[in-house]
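Below you'll find the structure, written out as structure tokens, and then a few comments.
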Amino acid sequence: MDGRLDADLYPLGSGYVPEIDSVHDISVGTKRGSDELFSSCISNGPYIMNSANGNDSKKFKGDVRSPGVPSRVVHVRKLPNDINEAEVIGLGLPFGKVTNLLMLKGKNQAFLELNSEECAQTMVSYYSSVTPVIRNHPIYMQYSTHKELKTDNSPNQVRAQAALQAVNALHGGGMGSVAIPTDAGGMGGAATQSPVLRVIVENLFYPVTLDVLHQIFSKFGTVLKIITFTKNNQFQALIQYADGMTAQHAKLSLDGQNIYNACCTLRISFSKLTSLNVKYNNDKSRDYTRPDLPTADSQPSLDHQTMAAAAFGKIEILRHLHVLALASLGVGHSGMAAAAAAASRLGLSGLTATGGHNVLLVSNLNPESVTPHCLFILFGVYGDVMRVKILFNKKENALIQMSDGTQAQLAMSHLNGQRLHGRAMRVTLSKHTTVQLPREGHEDQGLTKDYSNSPLHRFKKPGSKNYSNIFPPSATLHLSNIPPSVVEDDLRRLFASSGATVKAFKFFQKDRKMALIQMGSVEEAIESLIEFHNHDLGENHHLRVSFSKSTI
């Protein structure tokens, strides 16, 4: 991954289709023919829909541009070829009742009529600042010169009317009764929808802080309160807006999108809570309406919250959401060092990686069992290890140089406190900026190794899918690159050969090159990963082992 910020953070992303079963059944395919094209009668009166002549579409020149004169008819342009009625209706649903629809698929355009001019104004105003995107196509809209749409009985218009009837059967009325899908598939009225959003950040490779969330979500309206926490090994947040409509707009725009390229995916649903009770203003919770609240004791701990606390000095999110500057968020020296290193990887200006801080000090190791290779494989799960040095006079300690400060932070947050060869490791940032190789002619008994050119680096390929499969150590391991000749018993015997307990095993149904294997404990899984990652299974297949978030 090159670390650049994800340009896919678009509202109404490619997966957005209203969850209305009756609408799905009438979506139009990609067939092109006269029955899919509507002729137009360009006038300032009602827009008459008539498809008596299949070639009438050739006369259509698009809506005559009007200098922003409001109308309850919205002209939608630049639609993808395979757009369907449900998706176009979905563009208008959050703003009011959609009363009519004209699809001009041959022109990649549509006309959407809302129940009031006010609703259309809200829609056009909103999308002028946040460009909707469907299947990677930016969609553009403006007021139509037509004040209303009138229908005929053409096949396409019958489909459009069926779609509208399906929607209206579920929502009866105007703005207050319009609903959009929640994560659970349920439908809730906009006027009564909770103003509190529940946010889960998946694939947390780069840090996401409370301040980062505030900057992103403030783009859609005033954020009143935020509470962040870790649950089920996932970084989560509750975010409260002033009203449910604002929360709906934010969810519609951000759900399922990545903050950074291929990682930090936002999963957003409506909370059952209608108001948050914030007791402290600190790095984990904030009430922006109560600056007088105490900070309490907010000592960071080495978990996901700590990694999230290493805030970036500058973030550029999305050309369509404009530039959000997150300057100086008041984090500590090590956090800014991680931010600098990450900024260097991201190619952002304003911060440089001059502080280093990509070297970790690992202590409380078992000197009888630990080797540079062992540490290289384990820490390599969270970043590319450049060098490892076990200290000659203190073999319980080692220095590990990661590729950059972000990877060092990530490895520290996941491995500090984990048990290796019977001892709980302590992982901290070192004051050293590099690991020195022994001088020529000075033997250090093989305690220092240079891995800068190792073929086993997991993250050397930009955009590697390994970035989105980084999880804390767990008892369940993910196995891949398994040749067809290797069966379950072979892998069970292999992993039991080290003395570990194999509790369960399961091949992936759709891909027998991958499997899950559950060990007796997290410590056994860690040691099994170290021992069997890159194990030669024959047929030019070397086993790939990583931690899994799944259980068997």
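- Using a 4.5 Å heavy-atom cutoff, the side chains of Leu447 and Lys395 are in contact.
- Taking every heavy atom of both residues into account, Glu523 and Leu420 meet most closely at OE2-C, 4.2 Å.
- Across every non-hydrogen atom of Ala500 and Met519, the tightest pair is CB-CE, 3.6 Å.
- The ring pair (Phe, Tyr, Trp, His ring centres under 6.0 Å) search around Phe547 returns none, not counting sequence neighbours.
- Under a 3.5 Å cut-off, the side chain of Asn481 and the backbone N or O of His541 do not form any donor-acceptor pair.
- Under the salt bridge (Lys or Arg N to Asp or Glu O under 4.0 Å) criterion, no residue pair touches residues 224-236, with sequence neighbours excluded.
- Gln240 has its side chain within reach of Ser275: a pair of non-hydrogen atoms, C-beta onward, lies under 4.5 Å apart.
- Between the NE2 atom in His421 and the CD atom in Glu527 there is a gap of 5.0 Å [rounded to 0.5 Å].
- A donor-acceptor distance shorter than 3.5 angstrom exists from the side chain of Asn358 to the backbone of Met402, with no hydrogens or angles considered.
- The heavy-atom pair separating Ile227 from Leu276 by the smallest distance is CD1-CB, 4.1 Å.
- Shown here are the ring pair (Phe, Tyr, Trp, His ring centres under 6.0 Å) partners of Tyr241, two or more places apart in sequence or in another chain: there are none.
- Listed here is the closest heavy atom pair of Ser546 and Leu529: CA-CD1, 3.7 Å.
- Side-chain atoms of Arg423 and Leu365, non-hydrogen and from C-beta on, never get closer than 4.5 Å to each other.
- By the 4.5 Å heavy-atom criterion applied to side chains, Leu399 and Leu361 are counted as neighbours.
- With hydrogens and angles disregarded, no donor-acceptor distance shorter than 3.5 Å links the side chain of Asp287 to the backbone of Tyr280.
- Within the cation-pi definition used here (under 6.0 Å to the ring centroid, within 45° of the axis), Lys219 does not qualify as a partner of Phe217.
- His478 pairs by the ring pair (Phe, Tyr, Trp, His ring centres under 6.0 Å) definition with Phe508, not counting sequence neighbours.
- With hydrogens and angles ignored, the 3.5 Å screen pairs no side-chain donor or acceptor of Ser480 with any backbone N or O of Met514.
- Between His373 and Phe376, the ring-plane angle classifies as tilted under the 30° and 60° cut-offs.
- In this structure, the side chains of Val435 and Val388 stay at 4.5 Å or more apart for every pair of heavy atoms.
- Minimum heavy-atom separation, Val385 to Tyr451: O-CB, 3.5 Å.
- Between the Ser218 side chain and the Gln215 main chain, no donor and acceptor come within less than 3.5 Å of each other.
- Between the Asp450 side chain and the Ser452 main chain, a donor and an acceptor come within less than 3.5 Å of each other.
- Side-chain contact between Ser474 and Lys549 is absent, with no heavy atoms from C-beta onward closer than 4.5 Å.
- Under the 4.5 Å side-chain criterion, counting only non-hydrogen atoms from C-beta, His457 is in contact with Met386.
- Remark: Phe379 engages no residue in a ring pair (Phe, Tyr, Trp, His ring centres under 6.0 Å) (not counting sequence neighbours).
- Looking only at side-chain heavy atoms (C-beta outward), Ser497 and Phe532 come within less than 4.5 Å of each other.
- Note on residues 476-494: pairs passing salt bridge (Lys or Arg N to Asp or Glu O under 4.0 Å), not counting sequence neighbours, are Glu488-Arg492, Asp490-Arg493.
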